Structures are given as structure tokens and as C-alpha cells.
Amino acid sequence: MKGLAGGLPLVLLWALPLAAGLVMALAGADLASWQALLAHPQAFTALLLSLATGLASTTVSLLVALAIAAGLYGTRAWERLQSFAGVTLAVPHLAFAIGFGLLIMPSGLLARLLVGGQTPPPWMTVQDPLGLSLATALVLKEVPFLLVMIWAVLARGDSAVALSGQWRAARSLGHGPGSVWLRIVQPQLLQRLAWPLAAVLAYGCTVVDMALVLGPTQPPTLAVLVWRDLNDAAAEVNGRGLAGAMLLTLGVAGLFVIAVVILRLMRSGMSAWRISGPSRLAAPRRIAALASAALAFAFVAVLAVLALISIAPRWTYPRLLPDVFDLSVWSRALSDPAPLVLSLLLGLATTAVALVLAVLWFETQPTRRDPWPTSLALAGLVLPQILIVAGQYRAGLALDLTGSLAGLFLVHLTPVLAYVMVVLAGPYRALDPRYASVSRALGAGPVRSWARVTAPLLKAPLLSAAAVGFAVSMVQFVPAQLLGAGRYSTLPMEAVTLSSGGNRALTAAFALLLTAPPLLAVLLAARLGRPRWG
Amino acid sequence: MGLVLELVSVRLHGKPLVAAVSLAIAPGEVVTLMGPSGSGKSSLLAFIAGDLGSPFDGSGTTRLNDRILDGLPPERRRIGRLFQDDLLFPHMTVGENLLFGMPRGAVALRQSRMHMALEQIGLRDFEHRPPQSLSGGQRARVALMRSLLAEPDAILLDEPFSRLDSELRAAMRELVFARIAAAGIPGLLVTHDVADAPPGGRILRIAPDGVLQHA
């Protein structure tokens, strides 16, 4: 195991805490905990709710994203949509859920626009018992993510060249654009979307903060139930929470298996159709234009509603604009800057450390060792976060790290570095190693060679990894809440707490406060990451 | 009859690359078009195929067997293309690749045409193989048969031999020209190597001013 030293920091600060979380979670639930879980009257319904919202939102998101891509692939609108989708990714799920809830609630802007009347309509649009508002918000938030993933697959150097050639060949063989998409592009695309889709599915089934804002309450989703149990002072209730986290994980794993089987069956069912001969099927331009316009409208409306409500302490129904504008809520939101400062500091610190650890790994370890950290990172992204965090919380209690900044830092670093690894691994290893060899041969030391040659060549991926890492850190709710142990508060925690209270203006202000830093980071990374020429 | 170009021009950023070409290619004939790289010969093929995208633009009339092709999308032109790369679809077997462009019809008939094509290129047992498992020469032959099984009315050859080594190259050249002659369709070959041209065929050259000259 020669030369492992450069990879050691990554193992110690990231892999070990992540693995510890998994081990502690898996070892934590004893038989009594499982019995308590099974005796819980709401557990089964909650599990069904979790799996149904996750599965439904993932399926719909995939269909919408594919329809948009099929209709716009190869056009200028596709490139434009890409930058829009990239920006919307930076809007935190939690902030979007808060804004979406304020938009669709009975006295929200949507009802004012569509229904009117003197009193708000009797809608059950937020926290509806079937989880429809939660699933809808998930769809709106995941479609841009899937679009960015689809774009990344289609635009990757090797596949872009191959696909444009195959596209021309298929057209010359008599196939229309819609047919080429369905028969040639989409099958190759779906294989490479497996990981992002798994992550979307796992996220949808297990998200806590969005479910607290928009999800059903009687019963809530299983993730919320688990989160409540983990927060309980009684040890046996904690144990039931761990068992619940494992049940949720098993449920998600079951969905993975079912999804794989269905996709397999579809693929073999499609193979006869694929070779049935040329078809002049056109691209679904109109559907794609409609869907992307609806998506853009949703994001603009949600952000506009947040901004309006944050400066409108009074807004009587059914007026379309607030009665008075007033900035007092903002001065209240900023009167205690501690949560904002802590969130920013944690974001900056974890991003900086994650980048250093990742670069150290790539610079000192041979490519053949990459599967270790990258598969651990992928596991971290597709396993329910509540499971990992539940284990990390137990480990934190044992090591007396709860309620400490060190504990907070480590649990934030876990997801941040996972994303940084996933974003960086491809571009880093795709860089021709001969550039570094040449610069070393020209007399540059390893540090100078990295700073002057490698880093500039990898400017765009390094910056976007930094932006993604920072954004991921900013939105962590469950890890911050559990490890903060009441002693520390971060922005997402404030936003969740406020959203269950009555002060809509202050809630909206915190949702915007939560949105601004990641949005700025992503815009800044895109701006600075532009290539030097052209 | 055949493939007819009338005053076809291709421009890059509005600057002419190929100027006012008029050319008629008879069924069964293969005309060779030569020129250095960047001279616009591949763009001319893309224009004929209906596949020319920005920053290029083209003008002029293309007729194929007295059908006017101007404005038609690529899939409605009945023009086959062979490229430098074989561009076999990597997620389909060799047999599926061959069936992909074959006109619709009875399954058994299409299957037997596919088997016959494999036989003709000496790849009888390769139907279920993924294209990645074939050698470069085998893949090139499959790509040729795939475009011919789509029953094109003309075929455009964009340096189809340049990725093959010299031994394969001679065999492939012979196969391509024999198959095109058997299909009785006009062909336009673009290359920078005069040895690629079919023996006794017409050879044209794109001059620096974009005008076509007999070589």
C-alpha cells in the first residue's frame, strides 16, 4: 500500500465518519426497537406515504425531463434552458418548499389569481393527507436536476461526438428526430442516468425538511416520524427511530429493485420496436416548450411570492398586491445573525476542506483506487440521509461530539465531500496527465505545477465543485439539527421552525436568506469558470 | 435521373467555401471530390444530405431522380451516408443495426434480408454480437451494409476509408464500389487521397476560390 499517505486525510475526516454513521445505524436497532416500530399504529401508513411520494415524484420528474429533452435537444433553447436549470438547482429544496406552500395555500397568490372571491377557497393544498403538494414540489425541484444530468451526459466530450454522429447516421437511414431520440439517444441516456435517478428517488422518499413544511401530518411520512423519534429524550424511542430509518432504507431498496426490473422489461419489450424500421416521428416541440415554460413560471412565481411576502406584513385577501410594504421583518431577521454566520462559516469551511482533501486524493492516488471514495460517495448520495445521520448522531453521542462545532463540521463535510468527489472525479481524471508531466519536466515543483497548470485547466470543474459543495452545506437540516443538540442553530433550522409558526413574512425572509448564498455561489462559479478564450 | 446539383454554394460565416457547383452523377457512377481539409468538401456533403447547420449555410438546388430535395429533412431525402467512423449504434447488436434503417415490412422478410447482408460481408454468425466486439474492418463493412439496406437513392461517402489500414483499405474500397454499382445508385466520394478514387472514375477538385475543377 505504497503512497497511501496523501489519501489519508480524506479517509480520516470523511470516509471514517461516513462509515461510522452506517455501522452505528445498522448496529443500533435491537429487537425491542423493531417490535416498538411494528407496534407503532402509524408506521405502515407512513412508510407507504414516503414510498408513494418518492416514487410518484421521481417517475413524473423523469417523464417531464425526458419530454423536454426530446423536444429541445439540438436546439438553441436546449442550451438556454440549461443555464436556467443550473441556476434553479441552487435554490434550496427547503426554501422552494416554503415559497411553494405560500404560493398554493388557500390565501396564496395562486388562489388570488385563479379564484378570487371575498374569502379564501376551502383548499387543502398544503400538508394534504396524500402528500400531493409535497410530491408536486419535489417534481418541480427535481426536473431541473434531471435536465442538468441529461445535459451533462449528452454534452460530455466523447458521448457528444458519438451521439451527433449517430444522430446524422440515423437521420440518413430515414428516421425523424423524434424516432432518433426514442430509439438511439434515450436508451443510451437512461443507462447513464441510473445514479442520478437513484439519488432522486432516495431523496424523495426520505426528505425531512420539505416534508415538515409541505407533507402530510396525520400520519406524516416515515422520515418525519423517524426524525421525531431520534429527537426524543428516551433511549428506547431513539431505538425505534433507528429501526424506522432501516425500514425506510429497506423500502427504498425495494423500490430500486422494482425500478430496475421494470426498466429491464421495458428495454427488452422495446428492442423489437426499436428495429421495426424507419419512422418519421417528429420531436415533441410543443410539449417541451409548454413544460419548460411551466417550470420557469413556477420558479419565478415561488421566488416572487417569497420576496413579496417578506416585505408585506399585511396582505388582505383577495388583493393581488400587499396593503403595505414594510422592511421591519428583514431587520428582525437580521437582528440575530448567529444562524446565518454559522451556516456561512460551516459552508465555507467544509467546502475548502472538501476541495483540499479531494485534490490531495486525486494528486497522490492512482486512478485505480478511485472506486473506493467514489463508490462511498455514491452510497452516501443514494442511501437515505436520515439513516447515515442517525448513526452519526449515535457515534456523536458516544464520542461526546454532539453540541460541538467539530461534530457539526464533520456531519456537514459528509454530504459536501460526497458531492465534491462526484463532481470532480470525471473531469480530474479526464485531464491529460501529460500536461503535468510537461510542466514538471520544465522545472516546476508539484505545488507550482498544480497551481499554474492543473488548477487553471480544471478551473470550471473546481469552481462548480466548490459552488455545489457550499450549496449542499448551506441546506443541511437533519445533521445540523441533531448534532447541534439545541446549542447551535443554522439557517435551515430557523426556517423549518418558523414555517410551523404563524409569521409568514419572517418565514419568507429566512427562506430568501437561505437561498441567497448558494445562488450567489453558483452564479459566481459560472461567471469565474468561463474559459479564457472564446 | 441520378443525383444533380445545380448552382450549389456553401458558405461559412457568409464567406463562400464552395461556389456555384453544378454536377450530375449518373446511377451507378461514383464521382470523387478532392480538396485539402477545410476546403468545404464535407460541408457540401452535409448540404446535400440536408444536414448543414450553423455556422454554415448553403444555397442551390439538389435533385435526386427528378425529385427536388431542397428544404426536406435528412430522413426524407433517401440519401445514405458513410462517415470516417462507422457510427454503429453501440446499444444495438450488429443485426439490430442492420435492421434499423430497413424499410418496414414483414418481420421474416426483413430478417432474411439482414441475414443475406451479413453473409455477403462474411459475418454470418455476427448477428447477435455487440458492435464493440468487432474489428475495425468488420465494423466498416456492417456500416456499409446498414446504409445500403435502407435502400437509398444515392450515397455520400465522407472519407470512409481513412481510418482503415492499407490492407483493409483496398478490400473495403473494392467492396464499396462493387456494392454501389450493384445497387445502381449515384455516389459522391470525398477524400484527400487520390488512391481512394474508383478506377476510371471522374475526379473533381475544389480550387481555393471554391470553384470545382476537373483534376
Side-chain angles (χ1 to χ4, degrees), chain A residues 73-79 153-154 156-194 263-264 266-283 285 534, chain B residues 42 45-46 48-54 72-107 109-111 113-114 127-128 131-132 143 145-158:
Chain A
Y73 176 62
T75 68
R76 290 218 183 113
W78 178 235
E79 304 296 321
V153 170
L154 295 181
R156 256 185 39 188
D158 52 339
S159 57
V161 172
L163 280 176
S164 75
Q166 291 168 23
W167 185 278
R168 274 179 292 157
R171 293 290 293 273
S172 82
L173 291 167
H175 285 264
S179 172
V180 184
W181 175 271
L182 285 175
R183 287 178 162 92
I184 303 295
V185 181
Q186 194 166 291
Q188 303 185 66
L189 177 67
L190 281 178
Q191 289 176 6
R192 298 202 186 168
L193 280 185
L263 286 177
R264 281 269 159 79
M266 265 174 59
R267 203 182 311 160
S268 58
M270 302 277 268
S271 74
W273 170 81
R274 219 157 51 203
I275 52 171
S276 61
S279 135
R280 287 183 183 154
L281 194 64
R285 285 277 147 81
Chain B
S42 291
L45 292 197
I48 298 170
D51 203 25
L52 192 67
S54 68
L72 283 184
E75 67 271 16
R76 308 190 67 154
R77 296 192 173 212
R78 303 181 62 93
I79 293 185
R81 290 175 89 181
L82 277 186
F83 300 88
Q84 268 184 34
D85 301 297
D86 52 74
L87 298 174
L88 295 180
F89 305 126
H91 61 305
M92 295 185 187
T93 64
V94 168
E96 288 172 344
N97 264 285
L98 290 175
L99 288 167
F100 181 81
M102 199 191 290
R104 284 162 187 262
V107 174
L109 196 74
R110 300 179 80 235
Q111 288 283 336
R113 288 191 61 197
M114 180 258 289
E127 178 185 349
H128 298 293
Q132 294 85 331
M145 293 319 273
R146 181 177 70 173
S147 64
L148 290 174
L149 284 175
E151 299 176 10
D153 290 341
I155 189 159
L156 305 175
L157 310 159
D158 196 347

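Bear in mind that the values here come from a model prediction, so they are computed numbers and not experimental data.
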S.K.: Side chain, backbone, both or neither: which part of R76(B) has a non-hydrogen atom closer than 4.5 Å to chain A?
M.R.: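 Both backbone and side chain of R76(B) come within 4.5 Å of chain A.
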
S.K.: What part of S279(A) lies closer than 4.5 angstrom to a heavy atom of chain B: side chain, backbone, both or neither?
M.R.: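 Both parts, backbone and side chain.
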
S.K.: Any heavy-atom pair between the side chains of L99(B) and R274(A) that's under 4.5 Å?
M.R.: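 Counting from C-beta outward, R274(A) and L99(B) never come under 4.5 Å.
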
S.K.: With heavy-atom distances below 4.5 Å as the criterion, would you say the side chains of F89(B) and R183(A) are in contact?
M.R.: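 SC-SC contact between F89(B) and R183(A) ruled out.
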
S.K.: Side chain, backbone, both or neither: which part of A170(A) has a non-hydrogen atom closer than 4.5 Å to chain B?
M.R.: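 Answer is both: backbone and side chain atoms of A170(A) are under 4.5 Å from chain B.
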
S.K.: Chain A heavy atoms under 4.5 Å from R146(B): which part of the residue, side chain, backbone, both or neither?
M.R.: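 Both parts, heavy atoms under 4.5 Å.
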
S.K.: Might you point out which heavy atoms bring A162(A) and L87(B) nearest each other, and give the distance in Å?
M.R.: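 Heavy atoms of A162(A) and L87(B) come nearest at O-CD2, 4.2 Å.
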
S.K.: If you take all heavy atoms of R104(B) and S276(A), which pair is closest and at what distance?
M.R.: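 Minimum heavy-atom separation between R104(B) and S276(A): CG-O, 3.2 Å.
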
S.K.: Can you tell me which portion of R267(A) sits under 4.5 Å from chain B's heavy atoms? Options are side chain, backbone, both or neither.
M.R.: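 For R267(A), neither part sits under 4.5 Å from chain B.
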
S.K.: Does the side chain of E75(B) reach to within under 4.5 Å of the side chain of P177(A), using non-hydrogen atoms?
M.R.: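 A side-chain contact under 4.5 Å exists here.
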
S.K.: To check you understand the geometry: which heavy-atom pair defines the closest contact between F83(B) and R168(A), and what is its length?
M.R.: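 What the structure gives for the nearest pair is CE2-NH1, 3.5 Å.
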
S.K.: Of the listed residues (H175(A), Q166(A), R280(A)), which shares the most heavy-atom pairs with chain B below a 4.5 Å separation?
M.R.: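 Max contact count across the listed options: H175(A).
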
S.K.: Select one option (side chain, backbone, both, neither) describing which atoms of P73(B) are under 4.5 Å from chain A's heavy atoms.
M.R.: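 Answer is both: backbone and side chain atoms of P73(B) are under 4.5 Å from chain A.
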
